[in-house]
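Keep in mind that what you see is a predicted model, and the values were worked out from it rather than measured. The first residue in the sequence is number 1, and the count goes up from there. Below, each value reflects all heavy atoms present in this structure, side chains not excepted, and no hydrogens, waters or symmetry copies.
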Amino acid sequence: MEGASSSSSGGGAFQVQQQKDYSGEGPAGEIPLWKIVVVSAIACGVQFGWALQLSLLTPYVQLLGIPHKFSSLIWLCGPISGLIVQPLVGYYSDNCTSRFGRRRPFIASGAILVIFAVILIGFAADIGHSTGDPLGKESKPRAIVMFIVGFWILDVANNMLQGPCRALLADLSCGDGGKTRLANALFSFFMAVGNIGGYAAGAQPTLYKSFPFTHTDACDVYCANLKSCFIISAILLLVITTAAVTCVGEIPYTKKKMEGGGVPFFGELFGAFKNLPRPMLILLLVTALNWIAWFPFLLYDTDWMAREVYGGEVNDSGLYDKGVRAGALGLMLQSIVLGFMSIGVELLARQLGDVKTLWGGVNFILAIGLALTVAVTKTATHSRRFDAQGHTLMPNSNVKAFALAIFCILGIPLAVTFSIPFALACIYSSDAGSGQAGLSLGVLNLAIVVPQMFVSFLSGPWDALFGGGNLPAFIVGAISAALSGILAITLLPKPQSDKLAIP
């Protein structure tokens, strides 16, 4: 979706695009590989912070006093910003005439906003206390306001940063297929590296000792660890982004004055629905079901580990925090599996000879993995141990190993979710003769963010209806994953093209 620039000629919503080089390096073969590596490395800084969001922030909002059933609503900012900000920034970065280039102003601005946002989130409790919030376990309304503002800024900034970064990689590749695939592979690799680093940092119980000023009256050990993680994230992103925008040049873009007063991208994006071919409609349905399955686990994975597996409660004697760190460890292990599996997705697709069979098969793995969370939870509950004072003890090693194994198993379908749907959107677009993969990816993005909004609205009430745990949303996810797998195998057309351009 990022970097899509449509032709001004007629032809309807889907129009053929021409790739131009605005990198200042000439033909693709003359661009040094290290420049592509430096730009791709921005994904590491972005994903480090995103991993911290996934592993630590749902528990953190509950520490600030937001009830579990309402915490999912905060995550609406991700889908909403993905729906609005990403295509808007992508369109304007295509048409930016700054003397610094088309992409670099957006990359630099996005990085600055990310750094501001993570500092605001990390210091929310301190800011709230200094402006009147009480200490202790009471709700902290001012800290909650600071957190929500910072969280929304963070998601908007991430979209501002990632879209132009991917577009710059496309510019640097200059239409060369080999370099385009290499650039995308490097971007995915650095995403995995950032995930591993973020989850590893989140799993460290004493990281705050490296930044002793983070532990304050208003910010306990868990809060101080989170604050320290975000400080590291800000430093990492600052260093990588500075290197990228200073070492990789762009030729300023000149164009004719934009016709009309609206935003053509949105007109093309929504107008494309009128002429969507049947394969794309089925792809949207399968993708939407797939993300209804994924989002509850991505939202509540560490909270599930802390509550259902460890038996902890927010603001308890420390058992909940230990569960969150164990969940962060599980996400780190999942990222390692994701990294290796991402390398092998194309090979597996070629061995099977059928992309839809691969996608459908791993969706059943996703369904089984989500269903197994019920078995782990029941086992943990039945084997729960207590000390002489009635305090809950750590779960036994078998339960912890079983839970961590689920995280690892889910790394397999996650790699396919991050690749195959986007590849199929490009292939179906090519098979239909439109030649506009960017617009197809923009339409596909709606099938990702709308289900996320659906889950964010409903997962809290689902959980509250069945006792306040995470399992109801996981069960809905398992059913949705199974339906997605069935539809992928039975209805999804086999692409005419033999090429699988996995992003």
Side-chain angles (χ1 to χ4, degrees), residues 1 43 47 50 54 181 184-192 195-196 279-280 282-298 301 330-331 333-372 405-428 437 440-441 444-445 447-449 451-452 474 477-495 497-503:
M1 177 170 61
Q47 206 65 24
W50 179 244
L54 291 178
R181 290 190 297 271
N184 284 313
L186 287 170
F187 195 86
S188 297
F189 169 76
F190 281 112
M191 284 180 67
N195 268 339
I196 294 170
M280 276 297 298
I282 298 174
L283 176 61
L284 295 182
L285 177 59
V286 175
T287 301
L289 289 170
N290 193 209
W291 276 97
I292 290 175
W294 267 117
F295 202 57
F297 189 79
L298 295 178
D301 42 22
L331 289 170
L333 296 174
Q334 183 184 89
S335 296
I336 295 173
V337 175
L338 169 65
F340 282 106
M341 182 64 187
S342 297
I343 298 172
V345 165
E346 185 172 0
L347 178 61
L348 280 174
R350 290 176 177 174
Q351 289 293 324
L352 291 173
D354 193 346
V355 174
K356 66 176 189 175
T357 300
L358 173 60
W359 193 14
V362 298
N363 277 339
F364 288 122
I365 295 176
L366 172 59
I368 293 170
L370 292 175
L372 285 175
I406 291 177
F407 280 87
C408 294
I409 290 170
L410 293 183
I412 297 173
L414 189 61
V416 176
T417 297
F418 284 168
S419 57
I420 293 296
F422 304 97
L424 286 176
C426 295
I427 293 171
Y428 289 152
S440 297
L441 292 174
L444 181 69
N445 190 59
I448 297 173
V449 299
Q452 291 180 12
F474 289 1
I479 296 171
S480 183
L483 290 174
S484 179
I486 292 171
L487 294 180
I489 293 173
T490 59
L491 294 183
L492 199 64
K494 186 174 182 179
S497 174
D498 292 328
K499 295 181 179 180
L500 184 64
I502 296 179

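- The distance from atom CE of Met341 to atom CD1 of Ile412, rounded to the nearest 0.5 Å, is 6.0 Å.
- Looking at every heavy atom in both residues, Gln47 comes nearest to Asn195 through CG-OD1, 3.2 Å.
- How far CG of Asn363 is from OG1 of Thr417: 6.0 Å, rounded to the nearest 0.5 Å.
- With rounding to the nearest 0.5 Å, the separation of CG in Leu289 from CG in Leu284 is 11.0 Å.
- Closest heavy-atom contact between Leu410 and Trp294: O-CH2, 3.2 Å.
- Listed here is the closest heavy atom pair of Ala478 and Ala371: CB-N, 4.0 Å.
- Considering all non-hydrogen atoms of both residues, Gly477 and Leu370 come closest at C-CD1, 3.5 Å.
- Put simply, the side chain of Val337 does not reach to within 4.5 Å of the side chain of Gln334, judged on heavy atoms.
- The CG atom of Leu487 sits 11.0 Å away from atom CG of Asn290, with the distance rounded to the nearest 0.5 Å.
- With sequence neighbours excluded, the residues forming a ring-ring contact (aromatic ring centres under 6.0 Å, His included) with Phe297 are Phe407, Phe474, listed by chain and number.
- Proximity of Ile448 to Thr287: side-chain heavy atoms (C-beta onward) are separated by under 4.5 Å at one or more points.
- A donor-acceptor pair is defined here as one N or O able to donate and one able to accept, closer than 3.5 Å; no such pair exists between the side chain of Ser335 and the backbone of Ala192.
- Put simply, the side chain of Leu491 does not reach to within 4.5 Å of the side chain of Val286, judged on heavy atoms.
- Looking at heavy atoms from C-beta onward, Phe364 lies in side-chain contact with Ile486 at the 4.5 angstrom threshold.
- Each of Ser484, Pro451, Ser480 was scored for a side-chain contact (heavy atoms from CB on, under 4.5 Å) with Trp291, with one residue passing: Pro451.
- Once rounded to the nearest 0.5 Å, the distance linking CG of Leu492 with CG of Leu285 reads 10.0 Å.
- Summarising the geometry, atom SG belonging to Cys408 is positioned 11.5 Å from atom CG belonging to Leu338; distances are rounded to the nearest 0.5 Å.
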